Novice: 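The following block contains the structure, expressed as structure tokens.
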Amino acid sequence: MKSVEKLTSAEAEKELDRLAREIAGHDRRYHAEDAPTISDADYDALRRRNAEIEDRFPLLVRADSPSHRVGAKASEKFAKVTHRVAMLSLDNAFSDEDVADFLGRVRRFLGLKEDEDIAIAAEPKIDGLSASLRYENGVLVQGATRGDGMEGEDITANLKTISDIPLRLKGKPPAILEVRGEVYMTHKAFDALNKRQEKDGKPVYANPRNSAAGSVRQLDPSITASRTLNFFAYTWGEISQLPAKTQSGMLENFSDYGFVVNPLVRRCETLAEILKFYRDIESRRANLGYDIDGVVYKVDRLDFQERLGFVSRSPRWATAHKFPAEQAETVLEDIEIQVGRTGKLAPVARLKPVTVGGVVVRNATLHNEDEIARKDVRIGDTVVIQRAGDVIPQIVRVIEDKRPRNAKPYKFPTECPVCGSHAVREVDEKTGKEDVDRRCTGGLICDAQTVERLRYFVGRDQFDIEGLGGTMIELFHDKGLLKEPADIFALTEKPEKVSKVLAEHRATLSEERRAAEGKDPVKKAKKKEDEREDKVVENLMAAIERRRKIGLDRLINALGIRHVGETTARLIARHYRTVDAFMAGMEAEDARTELESLEGIGGVVAEAICDFFDEPHNVKALNRLLAWLDVQAMAAPAKSSPVSGKTVVFTGTLEKMTRQEAKARAESLGAKVSGSVSAKTDIVVAGPGAGSKLKDAQKHNVQVLDEDGWLKLIAN
Ligand code: IVH
């Protein structure tokens, strides 16, 4: 491995990228999968290397750098707890029939008559995370997460901070008692927490369940304590003696011991009663103050439960009757178009805020243009929206009866709302179908795409400017120094500004790092860092300067035109040869026809290129760039070469050069290299092992040469 001192900034950037991914992978295997693949010492060495590189190249520190993450060390993880009685999950029922089937199965299994009623304990299904609490002689000794059902994590210290969880039980509990239930967060606590997070500039949680899970798995129990969590007890694991003969009786006992039991629990005798309970809970769902996602039915008699037992991982004596995705009605106030980093126009519905299952919904996705047309969604419409779990709310349908009289069908913009360029839908040549997405064609000037485009522009196969990586592009863009490619070259005229931005960036970074390490900010070794930075700026300016000389093929590739990569760019560059001819060609009336006539360029590609040049903004930006550049014409095919203008096919094994090399050499001499032999082929170069192509050559009377013969021919 190269010593850190010897790394170039390009190598450093690459290695930091690799280290970030590698360390994240080890963290995941260690923490989430519990299957580490390297020793602690090797892991520490990776982190050390990462820190050393970052120290030398402070400007390359990544946003996702492993050094920003805490809580990744071995000593800081939770201990494992093996559940003495597995924590199972529940089978689901989605309809009334499913529930009737469940009762039928239970009756058949127990040998009861078809019309015989079985008492069922019904209770809300809480949307939180389950936990197991172990009490020995009435004292809480351990609390654990469910984990995979067999093994969870020891979160005793955190669970002890929840006031619904008694540390010492009341009454006469069994000597050993594992009470299980759900840790959850009320809507009120959730809103307050997110407000606080927002104020502190921290990420907000998506829903109460995630925030409950996140809060309970904090390594620092004081953080858990600062969040309001609650707990409902609903079942048990290991127990030295059963204090009751029914599920409902057990819950009464839990309540006596000091647990909070859901007040809505109800004993039902018939299917009709069960379904009535379900509807009743469903209608009260929005006003409960906490999230539930269904109702759980449990056979009440414990001797029946014992006989029924389990199928795979769920009890035969219980099922969860799930609620359908939650829906609500609201008004679509506006449709906003967001432009993604690749130019895709994404429609977002702005809604009159409405509460759906305790969560206030303001936006919904509209997917794309066709979807809006298919549902005929219009601004001002009353719409039914749906939210299921974590997914982004969706618009299910429009209530046409409530449509305002003046509502007009929505016209999807054909211009980019960010830069005003045309936005187009591509047509797939083979299927003749339009792409579902509309894209902005203002690649060079569209602010939504700027950073992504500039990153591409300086990439290895494009301008390849050493020292100007993605992080720096982003930084310069944020500071207003970069908007379009020409600005990169303009940097060479303002080295002081560049220095200033870099120095400020370095200062913030080291402050942040010190703060993360809990140290006070200091000013140290400033002189040395300044010197190093002067060198960085000097090198960067020189690197940019060097690239003012650029090949036409690289330039075309760097424009980031859709579908135009290295190969296509080279084809085009070879055809036009000089930048002036290229620019004139693009402005010509028949640009599209000419492009399409090129071998290897089809309609979609030609169209994308024309779309790009049809955009005056792009042409202007390109001209501003050209003012800085000395674009190298493509080498003219050697007219005098004996193979110029000839079509050559290589087949069999070549011994003195690789196939790629042979091809490049032939092309540089003005030959066209093809993969198959036809009457149009001029020369077939056949090495040992040549098969059908050699036969074809004979069939078409094509000149055949061996490798030496070919080399002799082109040596002239
Ligand atoms: S009883 C053997 N009762 O649902 C089954 N579970 O899908 C023991 N849940 O992991 C579970 N409310 O986290 C039961 N009233 C309730 C519940 C409930 C929520 C969760 C629990 C479990 C999951 C099963």
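Residue numbers run from 1 in the order of the sequence given. Bear in mind the structure is a predicted one, so any value in this text is a computation, not a measurement. For ligands, and for the atoms within them, numbers begin at 1 and follow the listed sequence.
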Novice: Geometry only, no angles: is Trp317 polar-contacting ligand 1 at N/O separations under 3.5 Å?
Specialist: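 No, Trp317 has no N/O under 3.5 Å of an N/O on ligand 1.
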
Novice: For ligand 1, is there an atom lying under 4.0 Å from some heavy atom of Ala318?
Specialist: no

Novice: Which residue and atom name correspond to the protein heavy atom nearest atom 24 (C) of ligand 1, and how close is it?
Specialist: Leu90 N, 3.5 Å

Novice: I'd like to know if Pro124 contacts ligand 1, where contact means a heavy-atom distance under 4.0 Å to any ligand atom.
Specialist: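 So Pro124 counts as touching ligand 1.
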
Novice: What's the shortest distance from atom 10 (O) of ligand 1 to any protein heavy atom, and which residue and atom give it?
Specialist: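 Answer for atom 10 (O) of ligand 1: Ser130 OG, 3.7 Å.
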
Novice: Run through Phe254, Phe259, Tyr184 and flag the one making a ring pair (Phe, Tyr, Trp, His ring centres under 6.0 Å) with Phe232.
Specialist: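 Only one of Phe254, Phe259, Tyr184 forms a ring pair (Phe, Tyr, Trp, His ring centres under 6.0 Å) with Phe232, namely Tyr184.
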
Novice: Name the orientation class of the two ring planes belonging to Tyr278 and Phe323 (parallel below 30°, tilted from 30 to 60°, perpendicular beyond 60°).
Specialist: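 If you compare the ring of Tyr278 with that of Phe323, the planes turn out tilted.
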
Novice: Please report which non-hydrogen protein atom sits nearest to atom 8 (C) of ligand 1, along with the residue it belongs to and the distance in Å to one decimal place.
Specialist: Thr235 CG2, 4.2 Å

Novice: Any nitrogen or oxygen of Leu129, main chain or side chain, under 3.5 Å from a nitrogen or oxygen of ligand 1?
Specialist: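 No, there is no polar N/O contact under 3.5 Å.
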
Novice: Looking at Lys344, I'd like to know if its NZ atom is crowded, meaning that more than 12 non-hydrogen atoms belonging to other residues, nucleotides or ligands lie closer than 6.0 Å.
Specialist: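 No, because the 6.0 Å sphere around NZ of Lys344 holds 12 heavy atoms or fewer from other groups.
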
Novice: Could you tell me which atoms of ligand 1, counted from 1 in the order shown, lie closer than 4.0 angstrom to a heavy atom of Glu123?
Specialist: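 With Glu123 as reference, the close atoms of ligand 1 come out as 15 (N), 16 (C).
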
Novice: Is ligand 1 under 4.0 Å from a heavy atom in the side chain of Glu182, in the backbone, in both, or in neither?
Specialist: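 The answer is the side chain of Glu182.
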
Novice: Give the residue and atom name of whichever protein heavy atom lies nearest to atom 3 (N) of ligand 1, and the separation in Å to one decimal.
Specialist: Lys298 NZ, 3.0 Å

Novice: Do Leu242 and Met250 have side chains that get closer than 4.5 Å, going by heavy atoms?
Specialist: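 They are in contact (side-chain heavy atoms under 4.5 Å apart), so the answer is yes.
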
Novice: Could Asp303 and Arg307 be called an ion pair, given the rule that one side-chain N must be under 4.0 Å from one carboxylate O?
Specialist: no

Novice: Are Glu371 and Arg374 ion-paired here, with the side-chain N under 4.0 Å from a carboxylate O?
Specialist: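 Looking at Glu371 and Arg374, the cut-off is met.
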
Novice: Without hydrogens or angle criteria, can the side chains of Ser248 and Asp300 be said to hold a donor-acceptor pair below 3.5 Å?
Specialist: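 Per modelled atom types, Ser248 and Asp300 side chains form a pair under 3.5 Å.
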
Novice: Among protein heavy atoms, which sits nearest to atom 2 (C) of ligand 1, and what does the distance come to when rounded to 0.1 Å?
Specialist: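 Of the protein heavy atoms, Pro315 CG, 3.6 Å lies nearest.
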
Novice: Which heavy atom of the protein is the closest neighbour of atom 12 (N) of ligand 1, given with residue, atom name and distance?
Specialist: Ile126 N, 3.0 Å

Novice: As a check for students: among Tyr184, Trp236, Tyr234, Tyr297, identify the option with a heavy atom nearest to atom 22 (C) of ligand 1.
Specialist: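 Looking at heavy atoms only, the winner is Tyr234.
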
Novice: Angle class for the Trp317/Phe310 ring planes (parallel below 30°, perpendicular above 60°, tilted otherwise)?
Specialist: perpendicular

Novice: Does any donor atom in the side chain of Asp381 or Tyr410 lie under 3.5 Å from an acceptor atom in the other side chain?
Specialist: no

Novice: Do Asp96 and His321 have side-chain heavy atoms sitting under 4.5 Å apart?
Specialist: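 SC-SC contact between Asp96 and His321 confirmed.
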
Novice: What protein heavy atom lies closest to atom 23 (C) of ligand 1? Include the residue and the distance to one decimal.
Specialist: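 The closest one turns out to be Lys125 NZ, 4.0 Å.
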
Novice: Please work out whether any backbone atom (N, CA, C, O) or any side-chain heavy atom from C-beta onward of Arg180 is under 4.0 Å from ligand 1, and answer side chain, backbone, both or neither.
Specialist: neither

